[in-house]
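It should be emphasised that the depicted structure is a prediction, and the values quoted were computed from it without experimental measurement. Throughout, a chain's letter reflects where its sequence line sits, starting with A, and its residues are numbered from 1. Only heavy atoms go into these numbers, but all of them, side chains included; no hydrogens, no water, no symmetry mates.
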Amino acid sequence: MRIATWNVNSIKARSERLMRWLEKYEPDVLCLQELKAEDAGFPLAEVQAAGYSAVLYGQKTYNGVAILSREPVNDVQAGLNDGVDDPQARVLSAEVHGLTFLSCYVPNGGEPSSEKFAYKLKWLERLLAYLERHHGSREKLVLCGDLNIAPADIDVARPDEWRDTVLCHPLVREAFQALIAFGLVDSFRALRTDSAYSWWDYRMLGFPKGNGLRIDHILVTKDVLPRCKQVQIDREERKGKLPSDHAPVFIDLD
DNA sequence: ATGGTTGCTTAGCAA
């Protein structure tokens with residue numbers, strides 16, 4: 001069973017690449033982030049023609065997440081549902097194959113001194129509270145997405161350049177460790193000791209210069225980890241004409 | 001410190 005996550009940075013701009021990627025990698029479940037479109041703008045017919053069902057939590061211009069699956073999904077839940085008045089479409093949950101999948105787009109955070117950074121930290125606290133409420137068993141959970149956190153310096157090609165920015169800030173790394181302490185495992189780091197990156201800034205030509213960070217993750221509960229046979233980041237997808245600034249990450253489960 | 005690039009929306013913001 002192949003599970004993937006990909007921040008497409010606009011589903012409309014990336015639909016052709018999405019269809020090619022589905023055909024080539026044949027994931028069973030694919031979590032998408034940054035659709036930047038309402039549900040009506042999602043290429044649902046094409047995705048269905050390729051053999052996938054899709055559940056959507058879209059938003060105009062910003063954010064927006066989805067879960068694509070070869071099998072129909074159950075128990076769909078959009079948002080954190082914690083009573084906070086938050087219009088940003090950043091998390092979607094669905095059950096399939098006995099596992100719950102979360103597609104998460106964690107706030108970027110802007111600058112560490114900004115309101116956006118405060119929102120990022122609060123959002124991560126709310127995510128943790130959501131996990132406690134809905135997944136207290138700490139089982140059968142696969143949390144996918146653009147978490148906008150590089151967990152450690154090994155996940156950053158040029159750590160000195162990114163030190164204390166919102167992707168590497170000690171407070172967001174602490175929040176990442178709180179997810180680990182909850183009972184989630186970073187599948188990439190559990191299976192690999194090397195550095196590989198999932199995002200390169202369009203600005204400053206981050207990709208050609210190799211200035212990458214690993215900020216897209218597939219976190220699994222401990223019961224799922226033994227089934228995990230490999231973790232890959234499809235760096236090739238970042239190449240060529242008009243790529244997303246993020247590469248897809250995927251795991252293969254027995 | 002600054003600049004550089006995309007995408008959405010239409011000059012400015014977000015990443």
Side-chain angles (χ1 to χ4, degrees), chain A residues 5-21 31-44 46 56-66 79 86-92 103-124 127 144-151 155-169 171-173 175-176 197-217 233-249:
Chain A
T5 184
W6 189 13
N7 177 325
V8 289
N9 184 21
S10 166
I11 190 62
K12 290 177 189 170
R14 224 66 62 201
S15 57
E16 282 185 28
R17 277 183 177 260
L18 170 66
M19 298 317 299
R20 262 184 281 142
W21 203 85
C31 294
L32 298 174
Q33 300 88 35
E34 269 208 276
L35 304 179
K36 293 184 168 179
E38 289 172 326
D39 293 356
F42 189 90
L44 190 58
E46 292 97 310
L56 309 172
Y57 184 27
Q59 184 180 337
K60 190 179 175 182
T61 312
Y62 307 114
N63 312 312
V65 288
D86 186 349
Q88 302 193 30
R90 292 186 175 278
V91 60
L92 182 65
S103 182
C104 297
Y105 177 44
V106 172
N108 172 283
E111 294 290 323
S113 58
S114 68
E115 288 285 338
K116 286 180 192 165
F117 189 60
Y119 172 69
K120 179 180 194 173
L121 294 176
K122 188 70 195 167
W123 199 92
L124 285 162
L127 175 63
C144 297
D146 174 4
L147 303 192
N148 269 315
I149 302 171
D155 303 307
V156 185
R158 303 182 190 180
D160 290 341
E161 220 170 276
W162 292 91
R163 192 155 332 275
D164 295 335
T165 66
V166 293
L167 304 180
C168 298
H169 196 281
L171 290 174
V172 302
R173 285 183 168 172
F176 187 89
Y197 313 115
S198 68
W199 174 81
W200 299 259
D201 203 331
Y202 288 133
R203 296 167 291 185
M204 303 248 337
L205 305 172
F207 188 71
K209 292 179 180 173
N211 193 0
L213 295 89
R214 190 172 69 91
I215 61 175
D216 298 86
H217 303 286
I233 303 179
D234 179 22
R235 192 175 177 283
E236 293 300 306
E237 178 54 44
R238 183 62 175 77
K239 298 180 179 176
K241 205 175 168 208
L242 294 178
S244 167
D245 44 353
H246 295 254
V249 180

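On the P atoms, B:dT5 is 22 Å away from B:dA1, given to the nearest whole Å.
In this structure, the CG atom of A:N9 is 8 Å from the P atom of B:dC8, given to the nearest Å. Atom CG of A:N211 and atom P of B:dG4 are 16 Å apart (whole Å). Between the NZ atom of A:K241 and the P atom of B:dG7 there is a distance of 11 Å, rounded to whole Å. In this structure, A:D201 places its CG atom 13 Å from P of B:dG7, rounding to the nearest Å. In this structure, the NZ atom of A:K209 is 10 Å from the P atom of B:dG4, given to the nearest Å. For the pair A:F117 CZ and B:dA15 C1', the interatomic distance rounds to 16 Å; values are reported in whole Å. If you take CZ of A:R203 and P of B:dT6, they are 12 Å apart, rounded to a whole angstrom.
For residues 107-116 of chain A, no residue pair satisfies the side chain to side chain donor-acceptor pair (under 3.5 Å) rule, not counting sequence neighbours.
The structure places NE2 of A:H246 at 9.0 Å from CZ of A:R238, a figure rounded to the nearest 0.5 Å. The SG atom of A:C104 lies 7.5 Å from the CD atom of A:Q33; values are rounded to the nearest 0.5 Å.
Using a 4.0 Å cut-off, some side-chain N or O of A:R14 falls inside it from OP1 or OP2 of B:dG7.
Distance from the side chain of A:L242 is smallest for B:dG7 among the nucleotides B:dT5, B:dG7, B:dA15.
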Extract from the structure each pairing of a protein N or O with an N or O of nucleotides 9-12 of chain B at less than 3.5 Å, listing the distance.
from  : atom 1 : to    : atom 2 : distance (Å)
B:dT9 : OP1    : A:T61 : OG1    : 2.7

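Mapped onto DNA chain B by nearest heavy atom, A:N148 and A:A13 fall at different nucleotides, with A:A13 at the one closer to the 5' end. Map A:D245 and A:L35 each onto its nearest nucleotide of DNA chain B; the residue landing nearer the 5' end is A:L35.
Backbone-only engagement by A:Y105 is indicated by non-hydrogen atom pairs under 4.0 Å involving sugar-phosphate atoms exclusively.
Taking the ring pair (Phe, Tyr, Trp, His ring centres under 6.0 Å) definition, one finds that A:F176 meets it with A:H217, sequence neighbours left out.
The aromatic rings of A:W162 and A:W199 sit perpendicular to each other, their planes meeting at more than 60°, with 30° as the lower class boundary.
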